[in-house]
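Each residue takes its place number in the sequence, starting with 1.
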Amino acid sequence: QLQASGGGLVQAGGSLRLSCAASGQTTFSSALMGWFRQAPGKERTFVAAINWRFGNTFLADSVKGRFTISRDNAKNTMYLQMNSLKHEDTAVYYCAARKMPGLPTQDYDYWGQGTKVTVSS
């Protein structure tokens, strides 16, 4: 299971840190973990991903330089540090895990519930 948390209301230019706690099968079989987001009326899109074993990261162009993805293997938790937030970052953010390595933007096996981020302009 994946449990996302940390969303909330923040002013433009502010920061938030999202967390995703993994438990059960996701802690032992995941090669990649990632964050996706879905803005109102839009499709879900890739935000960031991290290789659980090696720690290498992948970021969507829209968040490079502002967002950082990290993980704490001991706590089985992934984080998304979001700085310099913009109104267009408003969305429900989902964490996900995939069992096999590969393209970080697709084919995830497990999904958590979303956590809502609202950025006021």
Quick one: pull up OH in Tyr110 and CG in Leu2 and give me the separation to the nearest 0.5 Å.
9.5 Å

Between OG1 on residue Thr118 and CG on residue Leu9, distance to nearest 0.5 Å:
6.0 Å

Which atom names give the shortest non-hydrogen contact between Gln38 and Lys42, and what distance separates them?
NE2-O, 3.0 Å

Test of understanding: with side-chain hydrogen bond (donor to acceptor under 3.5 Å, both in side chains), list the residues that count as partners of Gln113, not counting sequence neighbours.
none

For the side chain of Asn56 and the backbone of Asn51, is there at least one donor-acceptor N/O pair under 3.5 Å apart?
no

In the hydrophobic clustering (ILVMFWY, side-chain contacts below 4.5 Å, transitive), which residues join Val92, or is it alone?
Leu32, Phe36, Phe46, Phe58, Tyr94, Tyr108, Trp111

Met33 CE to Ile69 CD1 distance, which is reported to the nearest 0.5 Å:
8.0 Å

Non-hydrogen atoms of Ala4 and Cys95 that approach each other most closely
CB-SG, 3.9 Å

Of Leu18, Val47, Thr57, which is the lone residue that meets side-chain contact (heavy atoms from CB on, under 4.5 Å) with Phe67?
Val47

Identify the heavy atoms of Arg98 and Asp107 that sit nearest to each other, and give their distance.
CB-O, 3.6 Å

Rounded at 0.5 Å granularity, tell me how far CD in Glu88 sits from OG in Ser62.
9.0 Å

Can you list every disulfide bond (SG atoms under 2.5 Å apart) pair that touches residues 52-83, not counting sequence neighbours?
none

When rounded to the nearest 0.5 angstrom, what is the spacing between OG1 in Thr77 and CD in Gln3?
11.0 Å

Measure from the side-chain N and O atoms of Thr115 to the backbone N and O of Gly7, and report whether any donor-acceptor pair falls under 3.5 Å.
yes

Are Met82 and Tyr93 packed together at the side-chain level, in the sense that at least one heavy-atom pair is separated by less than 4.5 angstrom?
yes

Are the side chain of Arg37 and the backbone N or O of Val117 linked by a donor-acceptor pair below 3.5 Å?
no

Closest non-hydrogen contact found for Ala49 with Pro104 is CB-CB, 3.7 Å

Counterpart residues, salt bridge (charged side-chain N to carboxylate O under 4.0 Å, His left out), relative to Arg66 (two or more places apart)
Asp89

side-chain hydrogen bond (donor to acceptor under 3.5 Å, both in side chains): which pairs involve residues 6-21, sequence neighbours left out?
Ser15-Asn83

Does the side chain to side chain contact (heavy atoms under 4.5 Å, CB included) test come out yes or no for Trp35 and Met78, once each step is laid out?
CA-CA 9 Å; Trp35 290 97; Met78 173 180 65; 3.3 Å; yes

Any residue meeting salt bridge (charged side-chain N to carboxylate O under 4.0 Å, His left out) with Lys64, in chain and number order, not counting sequence neighbours
Asp61

Counting only N and O atoms by type, is there a donor-acceptor contact under 3.5 Å from the side chain of Asn73 to the main-chain atoms of Trp52?
yes

Considering only heavy atoms from C-beta outward, does the side chain of Leu16 approach that of Leu85 to under 4.5 Å?
yes

Determine yes or no for a side-chain-to-main-chain donor-acceptor pair under 3.5 angstrom, with His87 supplying the side chain and Ser120 the backbone.
no

